[in-house]
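Single-structure report; data block below.
Here the structure is a predicted model, which is why all the values come from computation and not from measurement.
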Amino acid sequence: MSPRPTARLAPVASLALGLGLALAPAAARAAAPQTPPDSAASRIVTTYLTPVELAREAKGLEDMGAYRLATYQLRKLREVAKPDADLDLELALDLARTGQLDSARVILYGSRLSAALDDSCPPARRHPYAWNRDELWTNGRYDGWPWYIARARAEVDGRLGRWRDARVAADRALAERPLSGQDWLVLALCSAHAGEAASAEIQARMAVALDPMLPEAQYLEGLFAWRAGGRAEALAQFDAALVLDSLYEPAVRARQRLRFFPGAAADSAPPDFLTGPRAAALLTSPAMPKIESFQQVDRQPAILSRMKVPIADSLELLVKPVRLVLPVLVDERGRPVLVDLPWFAPEDLPPPFVSQLLGSLPGWRFSPALANGRPVASWAAVSITTGQP
């Protein structure tokens, strides 16, 4: 199929329309000197965008957070490019980011992405999409990680209130990233809303153990302690959540109710997986910056001080020599607020090591990224070498 032509108004006509000026009436135009037929003011210039150009434009719009405009370009691209699961997934994500959840769900559960979800996916592909992800949208095959599809399904189904479907998808996503505290948290919330309280409590405990940086996980574990009558334990969990994020409103509210109304019933499970700056890690949230997007900054975030990770000798012997490059989201004040743990097999990184490593990060300090002279949230790459040589 040939690319559709895109009509572009000549500069004079475009300027008039942009300023809201009415064109002169027919009689006035007839009396005016006639413009030569081949002048720029009288021509309609027709240009064709190739699939590669459409993909590049869509990615640029995504990098700016203009997700609605990106969906228009991606729809055009789908009309002229080979069928491609990476392209379908990207369109579904942008539709969800603009609130078009039902349309996103149709694509996520379509035959192409359902087949891609069963892709065996060698370890070399188990990583986030890169900044040049647009190059994967036009080659007619799936180059991504099935985790993306499962996690996107869980997020969309959760926002639609389809919690049983969300729980199935979250379980599939966790199978792809068993060391991810974020994915344990997503599964815990889906299980809680699906009426599987016993499983949700275990999953919330795993989320806290693997990623102590998540206030949402600390809060959820506190809710289960509250329901079980563990008032002191619940208060400790709420306090831990507020140490991580003093503005995390569910923990503020729960702590006040538990302190001043000891007999009050526990709150229900929250509907949101991640909130505040951490929402940037959700595939279907418009919150930025996205880990796969190009962010133009004047200065990258840099480590000012780091805490030594207290690893027991016995545990050090179990950790294989690996080099970790941790993507860390650093906020405007230079505080690490989230870690996106890369894929590793559980036998390569023991869960207790992951817990101690991520638990040390809140004590690190960074200089924030600068854009136009102002501090902005940005992702930093922290390199860590583990194990005995």
Side-chain angles (χ1 to χ4, degrees), residues 128 147-148 150-159 161-227 234 236-238 240-245 248-251 254 266-285 287 291 326-329 336-344 346 351-352 354-355 357-359 361-362:
W147 170 81
Y148 268 93
R151 175 66 175 267
R153 284 182 176 183
E155 292 182 18
V156 168
D157 282 336
R159 289 171 64 184
R162 304 174 67 109
W163 290 108
R164 291 193 177 278
D165 291 337
R167 189 203 61 75
V168 172
D171 191 57
R172 178 67 176 81
L174 180 64
E176 294 287 332
R177 296 182 74 178
L179 294 176
S180 168
Q182 288 184 42
D183 284 288
W184 279 101
L185 170 63
V186 170
L187 178 58
L189 274 171
C190 291
S191 297
H193 285 287
E196 302 174 14
S199 296
E201 184 174 0
I202 296 171
Q203 293 152 5
R205 194 174 300 124
M206 282 296 299
V208 172
L210 284 171
D211 193 344
M213 287 184 65
L214 294 173
E216 292 86 356
Q218 302 278 2
Y219 167 71
L220 187 59
E221 188 173 13
L223 282 185
F224 287 117
W226 188 357
R227 292 177 183 178
Q237 294 297 141
F238 299 151
L242 293 174
V243 167
L244 293 166
D245 184 353
Y248 183 51
E249 192 271 337
D267 294 334
S268 57
D272 301 313
F273 298 118
L274 295 169
T275 60
R278 297 169 299 281
L282 294 175
L283 300 179
T284 60
S285 167
I291 193 171
L326 293 179
V328 179
L329 182 59
V337 296
L338 190 76
V339 176
D340 194 82
L341 185 73
W343 179 87
F344 274 94
V354 174
S355 176
L357 173 61
L358 270 58
L361 282 167

Point to revise | Rounded distance (nearest 0.5 Å) linking atom OG of Ser180 with atom CG of Asp340 | key: 7.0 Å

**Study point:** Residue pair Leu329 / Pro277: nearest heavy atoms and the distance that separates them
**Key:** CD2-O, 3.5 Å

Revision key, fill the gap. What one should report as the nearest heavy-atom pair of Leu187 and Arg167 is CD1-O, 3.7 Å

Check your understanding: After noting the C-alpha distance and the side-chain angles of Tyr148 and Glu176, does the key distance pass the side-chain contact (heavy atoms from CB on, under 4.5 Å) rule?
Key -> CA-CA 9 Å; Tyr148 268 93; Glu176 294 287 332; over 6 Å; no

Review point. Between Trp147 and Trp343, does a side-chain contact (heavy atoms from CB on, under 4.5 Å) hold up when you go through it step by step?
Key: CA-CA 11 Å; Trp147 170 81; Trp343 179 87; over 6 Å; no

Study note, to complete from the structure: Residues Val339 and Asp211: closest non-hydrogen pair is O-OD2, 4.3 Å

**Study point:** N-O pairing of Arg278 and Asp272 below 4.0 Å
**Key:** no

**Study point:** Gap separating the CH2 atom of Trp184 from the CG atom of Leu174, nearest 0.5 angstrom
**Key:** 5.0 Å

Point to revise | Which atom of Pro271 lies closest to which atom of Trp163, heavy atoms considered | key: O-CH2, 3.8 Å

Point to revise | Rounded distance [0.5 Å steps], CE in Met213 versus CG in Asp245 | key: 11.0 Å

Exercise for review: Kindly indicate whether the side chain of Pro327, heavy atoms from C-beta on, has any atom under 4.5 Å from the side chain of Pro342.
Suggested key: yes

Point to revise | From CG (Leu358) to CG (Leu210), nearest 0.5 Å | key: 8.5 Å

Practice item. Please check if atom CZ in Arg164 has more than 12 non-hydrogen atoms from other residues, nucleotides or ligands closer than 6.0 Å. Key: no

Review point. What are the two closest heavy atoms between Leu244 and Pro362, and how far apart are they?
Key: CD2-CG, 4.0 Å

Point to revise | Partner of Tyr219 by side chain to side chain contact (heavy atoms under 4.5 Å, CB included), out of Leu242, Leu214, Asp267 | key: Asp267

Point to revise | Heavy-atom side-chain proximity of Gln203 to Glu196 below 4.5 angstrom | key: no

Review point. Is the side chain of Arg153 donor-acceptor paired with the backbone N or O of Ala173 at a distance under 3.5 Å, no angle test?
Key: no

Study note, to complete from the structure: Heavy-atom nearest pair, Val208 first then Ala217, reads CG2-O, 3.4 Å

Check your understanding: Roughly how far, to the nearest 0.5 Å, is CG of Leu223 from CD of Gln237?
Key -> 10.0 Å

Check your understanding: Going through the distances and angles, do Arg159 and Glu155 end up as a salt bridge (charged side-chain N to carboxylate O under 4.0 Å, His left out)?
Key -> CA-CA 6 Å; Arg159 289 171 64 184; Glu155 292 182 18; over 6 Å; no

Check your understanding: Just how far is it from atom CZ of Phe238 to atom CD of Glu221, taken to the nearest 0.5 Å?
Key -> 10.5 Å

Review point. Under 3.5 Å, is there a donor-acceptor pair between the side chain of His193 and the main chain of Arg162?
Key: no

Review point. Any salt bridge between Arg205 and Glu201, counting N to O under 4.0 Å?
Key: yes

Point to revise | Beyond-backbone contact of Gln182 with Leu338, side-chain heavy atoms, under 4.5 angstrom | key: yes

